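Note that the structure is a prediction, hence the values are computed from the model and not measured.
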Amino acid sequence: MITRRVPLGEVLELRREVESVEIDRSYRAIGVRGFGRGIFEYPPTGGGDLGKLRFFGLAANRLVVSNIKGWEGAVAVTGPGEQGRIASNRFLTYASNSAHVDLAYVAHWLLSDDGLEALGTASPGSADRNRTLSMKNFEAIEAPLPKLAEQRRIASHLGKVETEARRLLTAQTHRRAAISAFAESKWGGDIARVGDLVDSVTHPINVDEETTYRMHGVRWYGQGLFVRESKRGCDLAAKTVYRIRDGDLVYNRLFAWKQSFALAEGVGKAFVSNEFPVFRVKESLVLPRFLLGVLLTSRTGQQVDAASSGSTPTSRNRLKVPDFLDLTVEVPSMKVQRKVVEGLALSRQILTLDDEQRVRANALLPAARNEIFSTMR
């Protein structure tokens, strides 16, 4: 389908009603997120704290484009909720001056691959953070404009796609909140020292210069073990590495305060440095998965923060082994532990599926835009 292309300056009119800022009045300024993620509001700000930028009043049904982030899709259309808000001179704000253009349609086109390419070309600069979209360049962009009825049909369809994508993402947010609440629950039981529930194990290996070692680390926030690097012994600074086996509980001394605890699973022939203490859980007393779950709660995190020591709160801040062993946890009956572990396993499956669905939901609207607008080239 061939559609006439029209410079945006012919169908849009810049609207900048200067807002006279009063020192004793409160204002709500807006911003526009990149990648088509919409408008957001800053907290209420007194006129005396707004700074030296010029500000303009907003109304509903205005096309708002960031002149410094337009190239990355900082484009949106205001709704009734933005009526009476203000925007700084870093934003280009347009109304329609034609009976032949729908602003929602224009915004969707600008957020398609073709529109983003046009915005990028119109935003010259030497680096991503030093690119400015001028009014002249923006208004020179030529957009495909079918008849108004067709624009509205396209905008309505894409609006429904956007609503569905947001519904999927909102549902995920609610599920994650429920899973987090479950993981943070208190299950009762007796208080026990971690040192009474685990045995320290070490499997030191003298480094051979010709052998390759898969050195592992522990991701933050309970995300498990990962291979940091594979190196020959001659390239390792350490003379000794430590073997880990499936079922071992491992933590990162340096980042325990970032919930850097993990259970080894399917690791094969794996090694860690001496910065990663290794333990075996006494399964007659506590299930490894249950203990890991408790170690990853915020209440245990508070103990870890208090017990960690170093030069700064975010650097060289170690949880020493004796302090780790002195942490305390509640240990309920085995029956309760099994139920909790089952719930945590189901939660992990849900989160994995949610991650996959999030990728699809985020791709849904861009794909729909490109499918429609690619026919208008």
Asker: Would you please name every residue forming a side chain to side chain donor-acceptor pair (under 3.5 Å) with R54, sequence neighbours left out?
Answerer: none
Asker: Given 3.5 Å as the limit, does a donor-acceptor pair link the side chain of S156 with the main chain of R152, or not?
Answerer: no
Asker: Is T93 close to F56 at the side-chain level, that is, under 4.5 Å between some pair of heavy atoms?
Answerer: no
Asker: Starting from the C-alpha separation in whole Å, work towards a yes-or-no answer on ring-ring contact (aromatic ring centres under 6.0 Å, His included) for F138 and W71.
Answerer: CA-CA 11 Å; F138 177 73; W71 60 272; over 10 Å; no
Asker: Under 3.5 Å, side chain of Q259 to main-chain N/O of L296, donor-acceptor pair present?
Answerer: yes
Asker: Return the minimal non-hydrogen interatomic distance between W109 and A118, and the atom names on each side.
Answerer: CH2-CB, 4.2 Å
Asker: Under the side-chain contact (heavy atoms from CB on, under 4.5 Å) test, which residues partner D326, sequence neighbours left out?
Answerer: R193
Asker: What closest approach, in Å, do L319 and A307 show between heavy atoms, and which atom pair accounts for it?
Answerer: CD1-CB, 3.7 Å
Asker: Taking only residues at least two apart or on different chains, which pairs with a member in residues 93-109 satisfy salt bridge (Lys or Arg N to Asp or Glu O under 4.0 Å)?
Answerer: none
Asker: Evaluate side chain to side chain contact (heavy atoms under 4.5 Å, CB included) for L145 paired with Y105, printing each intermediate quantity in order.
Answerer: CA-CA 9 Å; L145 288 183; Y105 166 88; 3.7 Å; yes
Asker: What are the two closest heavy atoms between V218 and S260, and how far apart are they?
Answerer: O-OG, 3.0 Å
Asker: Identify the two heavy atoms, one from L249 and one from F324, that lie closest to each other, and give their separation to 0.1 Å.
Answerer: CD2-CZ, 4.2 Å
Asker: Could you walk me through whether T240 and N206 pass side chain to side chain contact (heavy atoms under 4.5 Å, CB included), step by step?
Answerer: CA-CA 5 Å; T240 303; N206 293 325; 4.1 Å; yes
Asker: How many angstroms lie between OG1 in T121 and CG in N137, if you round to the nearest 0.5 Å?
Answerer: 10.0 Å
Asker: Show me the pairs that pass side-chain hydrogen bond (donor to acceptor under 3.5 Å, both in side chains) and involve residues 242-252, at least two apart or across chains.
Answerer: H203-R245, D248-R280
Asker: Please list all pairs passing the salt bridge (Lys or Arg N to Asp or Glu O under 4.0 Å) test where one or both residues lie in residues 75-95, with sequence neighbours left out.
Answerer: E41-R85
Asker: For residues 7-22, which side-chain donor-acceptor pairs fall under 3.5 Å, sequence neighbours excluded?
Answerer:
from: R16; atom 1: NH2; to: N89; atom 2: O; distance (Å): 3.1
from: R16; atom 1: NH2; to: F91; atom 2: O; distance (Å): 2.7
from: E19; atom 1: OE2; to: R25; atom 2: NH1; distance (Å): 3.2

Asker: Considering residues, nucleotides and ligands other than E117, do more than 12 of their heavy atoms fall under 6.0 Å from its CD?
Answerer: no
Asker: Are F276 and F271 close enough that their ring centers fall under 6.0 Å?
Answerer: no
Asker: Do you reckon L133 sits in the same ILVMFWY cluster as F35, going by side-chain contacts under 4.5 Å, direct or chained?
Answerer: no
Asker: Could you tell me the separation between the CD1 atom of I244 and the CG atom of L225, rounded to the nearest 0.5 Å?
Answerer: 5.0 Å
Asker: Which of these passes side-chain contact (heavy atoms from CB on, under 4.5 Å) with V194: V329, T328, T300, V294?
Answerer: V329
Asker: Please indicate whether K282 has more than 12 foreign heavy atoms, meaning atoms of other residues, nucleotides or ligands, lying under 6.0 Å from its NZ.
Answerer: yes
Asker: Once side chain to side chain donor-acceptor pair (under 3.5 Å) is applied, do any residues pair with R299, and if so which ones, sequence neighbours excluded?
Answerer: none
Asker: For A264 and V267, work out which heavy atoms get closest and say how close.
Answerer: CB-CG1, 4.0 Å
Asker: Mind jotting down which residue pairs meet the salt bridge (Lys or Arg N to Asp or Glu O under 4.0 Å) criterion with at least one end in residues 251-271? Sequence neighbours excluded, please.
Answerer: R253-E275, E265-R289
Asker: Do the side chains of L263 and V272 join up, straight or via other hydrophobic residues, at under 4.5 Å, putting them in one cluster?
Answerer: no
Asker: Is it true that a side-chain atom of Q172 and a backbone atom of D354 form a donor plus acceptor pair closer than 3.5 Å?
Answerer: yes
Asker: Kindly say whether R62 contributes a backbone atom to a donor-acceptor pair with the side chain of T78 at under 3.5 angstrom?
Answerer: yes
Asker: Does a salt bridge link D114 with R369, judged by any charged N lying under 4.0 Å from a carboxylate O?
Answerer: no
Asker: Fit a plane to each ring of W257 and F255, take the angle between them on a 0 to 90° scale, and name the class: parallel (under 30°), tilted (30 to 60°) or perpendicular (over 60°).
Answerer: tilted
Asker: Under 4.5 Å between side-chain heavy atoms, hopping through other hydrophobics if needed: is there a path connecting L158 to I39?
Answerer: no
Asker: Please enumerate all residues that pass side-chain contact (heavy atoms from CB on, under 4.5 Å) together with T45, with sequence neighbours excluded.
Answerer: D49, L50
Asker: Can you pull the side-chain hydrogen bond (donor to acceptor under 3.5 Å, both in side chains) pairs that have at least one residue in residues 334-343, sequence neighbours excluded?
Answerer: none
Asker: Over all heavy atoms of both residues, which pair between S230 and R214 is shortest? Give the atoms and the distance, please.
Answerer: OG-CG, 3.5 Å
Asker: Please check: side-chain N/O of S180 versus main-chain N/O of R176, any donor-acceptor pairing under 3.5 Å?
Answerer: no
Asker: Take L291 and F279 through the side chain to side chain contact (heavy atoms under 4.5 Å, CB included) test and state the conclusion after the steps.
Answerer: CA-CA 12 Å; L291 179 58; F279 305 88; over 6 Å; no
Asker: Salt bridge check: are R232 and E209 linked by an N-O gap of less than 4.0 Å?
Answerer: no
Asker: Residues two or more places apart in sequence or in another chain: which of them pass side chain to side chain donor-acceptor pair (under 3.5 Å) with Y94?
Answerer: E139
Asker: In chain order, what residues pass the side chain to side chain donor-acceptor pair (under 3.5 Å) check against R166, with sequence neighbours excluded?
Answerer: E162
Asker: Could you give the distance from CG (L325) to CG (L197), rounded to the nearest 0.5 Å?
Answerer: 10.0 Å
Asker: Determine whether more than 12 heavy atoms belonging to other residues, nucleotides or ligands lie under 6.0 Å from atom CD1 of I191.
Answerer: yes
Asker: Show, in sequence, the C-alpha distance, side-chain angles and deciding distance for L63 and V75, and conclude whether the side chain to side chain contact (heavy atoms under 4.5 Å, CB included) test is met.
Answerer: CA-CA 7 Å; L63 180 71; V75 176; 3.9 Å; yes
